[in-house]
Amino acid sequence: MKVRFAPSPTGYLHIGNFRTALVNFLFARKNNGHFMLRIDDTDQERSFIEYENAIKEDLSWMNIGWDSLEKQSSRLSCYDNALQILLNKKRAYPCFETADELSLKRKSQLSSGKPPIYDRSSLKLSDSEIADLKSKGKKPHYRFLLNHIDVNWDDLVKGQSKYNMSNLSDPVILREDGRVIYTLASVVDDIDFAVTDILRGEDHMTNSAAQIQLFEALGSSSPRLGHLSLLTDISGEGLSKRLGSLSLKDLRQEGFQPMAISSLLSKVGTSDTIDIFKNINQIINDFDINKFGKSKPKFDKVELLNLNSKFFQLVKFDDISDQLNTLDIEITIEFWNLIKGNINTFNDIKFWWNIVYGKIKTINDDHEFTHLALKTLPNDSFDKNTWSTWTSLLMKESGRKGKDLFKPLRLCLTGQNNGPEMANLVLTMGRQKIVERLNNND
RNA sequence: GGUCCCUUCGUCUAAUGGUUAGGACUCAGCCCUUUCACGGCUGCAAUAGGGGUUCGAAUCCCCUAGGGAUCACCA
């Protein structure tokens, strides 16, 4: 069993693309199959190596490893062969309309209320007419001749599906400039690399119907097909329209963790509860393509943030120390255990580091109280009882208790309304820093 | 405009003709912690609308409304 993820290197991976990659990867791993990464770079005008590298980088960051890599740009001759086969079988035919003519035709069809389907006028051309046009220097593009019948398939996600092909234009498979079009290239690759299952977005539904006929015309049969419902943003709008801050690259910069992203994307839209997983193997174990529903799930960044926090609470110091080493500050296990319950994103680590070790703006609007706090602060070396010793004494001296006692201390020492356990914080912070903060009477 | 798909608490969904319509997240409240968070408990909250079929409909049928996808010499 073999699946593929086939991005075109025309932009950065966003949360929607990546979900398709992840589902393919999980499906393969769950079934001991092969996960192929295929770079669909036949559109030379829009494809860039920078994007290809970025896609690989993103996948690697997400711990999605591929078992093989192919690039369509290195397989162009295969596509020419396939076109010849189709031509011989009379399932492909040359067309001579210009792009402008076609676009004009579509517009007039649309404005007269008709579906903008290609009228097959080039199909009516005789061999001599074709030869004549070619001799005049006209270069043809080629279309695949569809059979106007119902195409049926049992979709891995959608169940029994059918599409009537008379609602579709014969797809262009080779451009006037000789470059292959995705519709054909994809099918040729899937045949040559023996792909058994295609999982992709439901935006490919009509492509799939046409491609099923293409598989058959090329003497093969269609792989199993599954069409995932497209992710939308929280208001129900498609993600692709405004993928601004939803690229993997941006999420990484914002401090989101791969496991939080994968945990969410492997479960959103399924009947399972969304929760954080510790590692990718757990996600694989729990994966089931049958649990994906037909309606469009919403991607909620708040939900992602919650999972992200949970990840930090769960992760062991040893398992994250490599990542912590990428920061230009030293993170001890003591510090990590102190703050791990209070961080939402990776970037919060540095935020707390500054609070504990660095310089911050604190909030101190009760100088009488902080003066008293300074006075009662134990002089001997700090231990785990220091906090309770200190606050007990301070309680007696100030007559305060509960929130009135603790909140000003927290604010003065950290500048924050909430944060780690004060007893631990004080211990990690040390006496000198505390004195400095209590004296910060501006 | 044609075609296809979708619609259950705010969110993700369960319930494939008989349930007090269940769970999870969020939210609210309480408990715990001499503060916040974590955790525990409790609670709020849904079958898009209208017609049928049936003893009985979230579930089957029809209509309406809303949303999405697609209809490229992009992928």
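Within every chain, numbering begins at 1; the chains are lettered A, B, ... in the order of the sequence lines, protein sequences first and strands thereafter.
A cation-pi arrangement is not found for R38(A) relative to F193(A), the charged atom failing to lie both closer than 6.0 Å to the ring centre and inside a 45° cone about the ring normal.
Taking the P atom of each, C31(B) and G23(B) are spaced 24 Å apart, rounded to whole Å. Taking atom C1' on both nucleotides, C44(B) is separated from C30(B) by 15 Å, rounded to a whole Å. When the C1' atom is used for both A48(B) and C9(B), the distance is 14 Å, rounded to whole Å. U59(B) and C71(B) are spaced 33 Å apart, taking the C1' atom of each and rounding to whole Å. Taking atom P on both U26(B) and U11(B), the two are 16 Å apart, rounded to the nearest angstrom. Rounded to the nearest Å, the gap between the C1' atom of G10(B) and that of C27(B) is 9 Å. Taking the C1' atom of each, U20(B) and U53(B) are spaced 27 Å apart, rounded to whole Å.
Pair assignment for C32(B) gives none, since no Watson-Crick or G-U wobble pairing has each distance under 3.5 Å. U7(B) and A65(B) make up a base pair, with Watson-Crick or G-U wobble contacts both under 3.5 Å. Using Watson-Crick or G-U wobble geometry with both donor-acceptor distances under 3.5 Å, U20(B) finds no partner in any strand shown. Both distances falling under 3.5 Å, in either a Watson-Crick or a G-U wobble arrangement, occur for no nucleotide opposite A14(B). Of the nucleotides present, none pairs with C73(B) by Watson-Crick or G-U wobble criteria with both distances under 3.5 Å. Judged by Watson-Crick or G-U wobble contacts below 3.5 Å, the nucleotide A57(B) has no partner. Base pairing annotation: G43(B) forms a Watson-Crick or G-U wobble pair with C27(B), both donor-acceptor distances under 3.5 Å.
Remark: N285(A) CG to L26(A) CG distance equals 10.5 Å, nearest 0.5 Å. In this structure, CG on L104(A) lies 12.5 Å from CD on E97(A), to the nearest 0.5 angstrom.
Base contact: M422(A) has a heavy atom under 4.0 Å from a base atom. In this structure, Q109(A) reaches neither bases nor backbone, as no heavy-atom distance under 4.0 Å exists between it and the strands shown. Residue-level contact check: G269(A) touches the backbone only, with heavy atoms under 4.0 Å from sugar-phosphate atoms and none from bases. As judged by a 4.0 angstrom heavy-atom cut-off over every strand, T270(A) is placed among residues touching the sugar-phosphate backbone only.
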- Task: For each nucleotide in nucleotides 70-75 of chain B, reading 5' to 3', give B when a protein heavy atom comes within less than 4.0 Å of its base, S when such contact involves only the sugar-phosphate, and - otherwise.
- Result: SBSBBB

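When only modelled atom types and interatomic distance are considered, D119(A) and S121(A) share a side-chain donor-acceptor pair under 3.5 Å. Remark: the R143(A) side chain and the S169(A) side chain contain no N/O donor-acceptor pair separated by less than 3.5 Å. Side-chain contact annotation: Y182(A) with N207(A), donor-acceptor N/O pair under 3.5 Å absent. Side-chain contact, T345(A) with E254(A): no donor N or O sits under 3.5 Å from an acceptor N or O. For the residue pair S186(A) / R4(A), a side-chain donor-acceptor distance below 3.5 Å is found, with atom types taken as modelled. Using a 3.5 Å distance cut-off with no hydrogens or angles, the side chains of Q213(A) and N147(A) do not pair a donor with an acceptor. S229(A) and K158(A) share a side-chain donor-acceptor pair at under 3.5 Å.
The side chain of K294(A) contributes an N or O atom lying less than 4.0 Å from OP1 or OP2 of C6(B). Checking the phosphate oxygens (OP1, OP2) of C12(B), no side-chain nitrogen or oxygen of K267(A) falls inside 4.0 Å.
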If you restrict it to nitrogen or oxygen atoms, what contacts under 3.5 Å exist between nucleotides 24-32 of chain B and the protein, and what is each distance?
none

Detail all sub-3.5 Å separations between protein N/O atoms and N/O atoms belonging to nucleotides 41-43 of chain B.
none

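Between the CG atom of D275(A) and the C1' atom of G39(B) there is a distance of 14 Å, given to the nearest Å. When rounded to the nearest whole Å, the span between CZ of R200(A) and C1' of A69(B) equals 14 Å. Look at CD on Q160(A): it is 16 Å from C1' on U16(B), rounded to the nearest Å. To the nearest angstrom, C1' of U13(B) lies 14 Å from CG of L264(A). Distance K291(A) NZ to C12(B) P: 18 Å, rounded to the nearest Å. Atom CG in L307(A) sits roughly 13 Å away from atom C1' in U11(B) (whole-Å rounding). Between K162(A) atom NZ and C5(B) atom C1' there is a gap of 13 Å when expressed in whole angstrom units. Rounded to whole Å, the distance from CZ on R410(A) to P on U33(B) is 17 Å.
Comparing T232(A) and K158(A) by the nucleotide of RNA chain B that holds the closest heavy atom to each, the one mapping nearer the 5' end is K158(A).
Applying salt bridge (charged side-chain N to carboxylate O under 4.0 Å, His left out) to D189(A) and the options K2(A), R75(A), K71(A) leaves one that passes, R75(A).
Under the 4.5 Å side-chain criterion, counting only non-hydrogen atoms from C-beta, K267(A) is in contact with D286(A).
Listed by residue number, the members of residues 17-24 of chain A with any heavy atom below 4.0 angstrom from RNA chain B form an empty set.
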- Working for side-chain contact (heavy atoms from CB on, under 4.5 Å), residues F312(A) and D348(A): CA-CA 11 Å; F312(A) 290 121; D348(A) 291 344; over 6 Å; no

Sequence neighbours excluded and cut-off under 3.5 Å, please list the side-chain donor-acceptor pairs for residues 388-398 of chain A, or say none.
| unit_1 | atom_1 | unit_2 | atom_2 | d |
| --- | --- | --- | --- | --- |
| S388(A) | OG | N385(A) | O | 3.1 |
| T389(A) | OG1 | N385(A) | O | 2.7 |
| W390(A) | NE1 | A373(A) | O | 3.0 |
| W390(A) | NE1 | T376(A) | OG1 | 3.2 |
| T391(A) | OG1 | W387(A) | O | 2.8 |
| T391(A) | OG1 | S388(A) | O | 3.4 |
| S392(A) | OG | S388(A) | O | 2.6 |
| S398(A) | OG | L394(A) | O | 2.7 |
| S398(A) | OG | R400(A) | N | 3.1 |

Name each donor-acceptor pair under 3.5 Å that joins a side chain in residues 256-265 of chain A to protein atoms two or more places apart or in another chain, with its distance.
| unit_1 | atom_1 | unit_2 | atom_2 | d |
| --- | --- | --- | --- | --- |
| Q257(A) | OE1 | Q323(A) | NE2 | 3.4 |
| S262(A) | OG | P258(A) | O | 3.3 |
| S263(A) | OG | M259(A) | O | 2.6 |
| S263(A) | OG | F277(A) | N | 3.0 |

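When distances run from any side-chain atom of N342(A) to the nucleotides U34(B), C5(B), A37(B), the shortest one goes to A37(B). Candidate nucleotides G67(B), U11(B), A37(B) were compared by shortest atom distance to the side chain of K298(A), and U11(B) ranks first.
Ring-plane geometry between F5(A) and F35(A) is classed as parallel, the angle between the planes falling under 30 degrees on a 0 to 90 degree scale with a further cut at 60.
Aromatic ring centroids of Y93(A) and Y142(A) lie 6.0 Å or more apart.
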